[in-house]
Novice: 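One structure, pasted below without further comment.
FYI, the numbering just counts along the sequence from 1. Numbering of ligands and ligand atoms starts at 1, following listing order. Quick note: numbers below take in every heavy atom, side chains included, and nothing from hydrogens, waters or symmetry partners.
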Amino acid sequence: MQQDETQLRDGRIVRSEDPLNLEMPFERLDSFITPIESFYVRTHFPIPKIHRDEWWLHVEGEVEKPFAINYEELLELESRTIPATLECAGNNRNFLQPKVKGVQWGLGAVGTAQWTGVPLSILLDRAEVKPEAREVILEGADRGRLDDPKAPPGELKFARSIPVSKAHTDVLLAYKMNDADLPPQHGFPLRAIVPGWYAMASIKWLQRIIITDQPFTGYYQTMDYSYWRRRGDMADLAPLTEMQVKAEIAKPAQGKIVPANSNVRVHGAAWTSDGEITKVELSTDGGASWKEANLIDQAILNAWRLWEFEWCTPSKPGKQTLVARAIDSRGRTQPAERDPDRGTYMINHLLPISIEVR
Ligand SMILES: Nc1nc2c(c(=O)[nH]1)N[C@H]1C(S)=C(S)[C@@H](COP(=O)(O)O)O[C@H]1N2
Ligand SMILES: [Mo]
């Protein structure tokens, strides 16, 4: 990994100012819930200024009863609180060789929060979704022009879709994060939380929900946040959906020095989607041999699991390469090599962390 430009903002790495992209230095990981001050921020456009008294959420499209609801009414609906891990689909991009375009995230474009809000299914039921409905498009209030010849000319809004089946199961429309009002940078007044999916689906500053009977082919669904899916010798663009199984090392961090012949705690987090982390293994010799790490606390669906390993460091000083790998309840694990069909996203192959024993 390249050295981070150490420009920090409130303890987070500034990956870009405009649009605002902040990363958590992953070595700061020390609890299951990520505090708001540490949580990564990913924006594509300026953060929209929304007054809660002037905001409406519209539900429309292939429904019997389109409607709009305001903030006050939304708070009166049945609510739920769930922990969920959000990971940017470009997390770990800084490790790719050769370099690819996009925000150069290291390990910290990921975090876990408690999200409180209204299950999307409650609003869908109220609108009475027609049987021909296939997808639910979530649209944010943020907008801007893109410097990309493949983007539509003029202003564009950030929008993504999810299948109706997913929308009915566990998608939450959250107005609280870790028990506080959703902060502006995380989507005030309302954002979607799509558990288990890469976070581009968790639309912030939500203002419109459109039910469609067609697959959505918006810019962020096809031109961006997609990968090449192989069908024999053919490749078609598929939208990114579920997070891939992964373990990351928080400490010791890249480039750090640890004492020889002593006990060092190696720790980090591991996550997957639609399954549980059942094992994390750690290699201290660049992947030649593996030992099992301890999983901390209970597994929670679609939230990361913290892990730790007591490492008895060698007595001989020198460079060491740490690698972690996760295995989930569906037997999935991390590939050793990068699959180029994934373009600039879905980076979950094994990543070496170089440190020094001294
Ligand atoms: N409206 C809107 N929603 C959005 C985005 C955005 O730019 N606009 N970025 C997405 C992406 S790519 C990510 S990784 C997450 C980041 O959420 P966070 O900033 O709360 O960490 O929000 C998603 N939702
Ligand atoms: Mo993202």
Novice: Would Ile162 end up clustered with Phe158 when hydrophobic side chains under 4.5 Å apart are linked, directly or stepwise?
Specialist: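 Yes, same cluster.
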
Novice: Group every Ile, Leu, Val, Met, Phe, Trp and Tyr by side-chain heavy-atom contacts under 4.5 Å, then state whether Met223 and Ile203 land in the same group.
Specialist: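 Both belong to a single hydrophobic cluster.
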
Novice: More than 12 heavy atoms of other residues, nucleotides or ligands under 6.0 Å from CD of Glu78: is that the case?
Specialist: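 Counting other residues, nucleotides and ligands, CD of Glu78 stays at 12 neighbours or fewer.
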
Novice: Going by the rule side-chain contact (heavy atoms from CB on, under 4.5 Å), which residues pair with Ala293 if we only count those two or more places apart in sequence or in a different chain?
Specialist: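 Testing Ala293 for side-chain contact (heavy atoms from CB on, under 4.5 Å), a comparison that skips the adjacent residues, returns Val280, Trp307, Phe309.
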
Novice: Is the Tyr227 to Tyr345 ring centre distance short of 6.0 Å?
Specialist: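 Centroid distance Tyr227-Tyr345: not below 6.0 Å, so no.
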
Novice: A quick test of your reading: do over 12 heavy atoms of other residues, nucleotides or ligands sit less than 6.0 Å from CG of Asp236?
Specialist: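 Check passes, neighbour count above 12.
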
Novice: Ligand 1: which protein N/O atoms lie under 3.5 Å from its N/O atoms?
Specialist:
{"from": "ligand 1", "atom 1": "1 (N)", "to": "Asp142", "atom 2": "OD1", "distance (Å)": "2.8"}
{"from": "ligand 1", "atom 1": "1 (N)", "to": "Asp142", "atom 2": "OD2", "distance (Å)": "3.3"}
{"from": "ligand 1", "atom 1": "1 (N)", "to": "Lys204", "atom 2": "O", "distance (Å)": "2.9"}
{"from": "ligand 1", "atom 1": "3 (N)", "to": "Lys204", "atom 2": "N", "distance (Å)": "2.9"}
{"from": "ligand 1", "atom 1": "7 (O)", "to": "His44", "atom 2": "N", "distance (Å)": "3.2"}
{"from": "ligand 1", "atom 1": "7 (O)", "to": "His44", "atom 2": "ND1", "distance (Å)": "2.7"}
{"from": "ligand 1", "atom 1": "8 (N)", "to": "Asp142", "atom 2": "OD2", "distance (Å)": "2.6"}
{"from": "ligand 1", "atom 1": "17 (O)", "to": "Arg191", "atom 2": "NH2", "distance (Å)": "3.2"}
{"from": "ligand 1", "atom 1": "19 (O)", "to": "Arg42", "atom 2": "N", "distance (Å)": "2.9"}
{"from": "ligand 1", "atom 1": "19 (O)", "to": "Lys204", "atom 2": "NZ", "distance (Å)": "2.5"}
{"from": "ligand 1", "atom 1": "20 (O)", "to": "His186", "atom 2": "ND1", "distance (Å)": "2.6"}
{"from": "ligand 1", "atom 1": "20 (O)", "to": "Arg191", "atom 2": "NH1", "distance (Å)": "2.7"}
{"from": "ligand 1", "atom 1": "21 (O)", "to": "Tyr40", "atom 2": "O", "distance (Å)": "2.7"}
{"from": "ligand 1", "atom 1": "24 (N)", "to": "Ser202", "atom 2": "O", "distance (Å)": "3.1"}

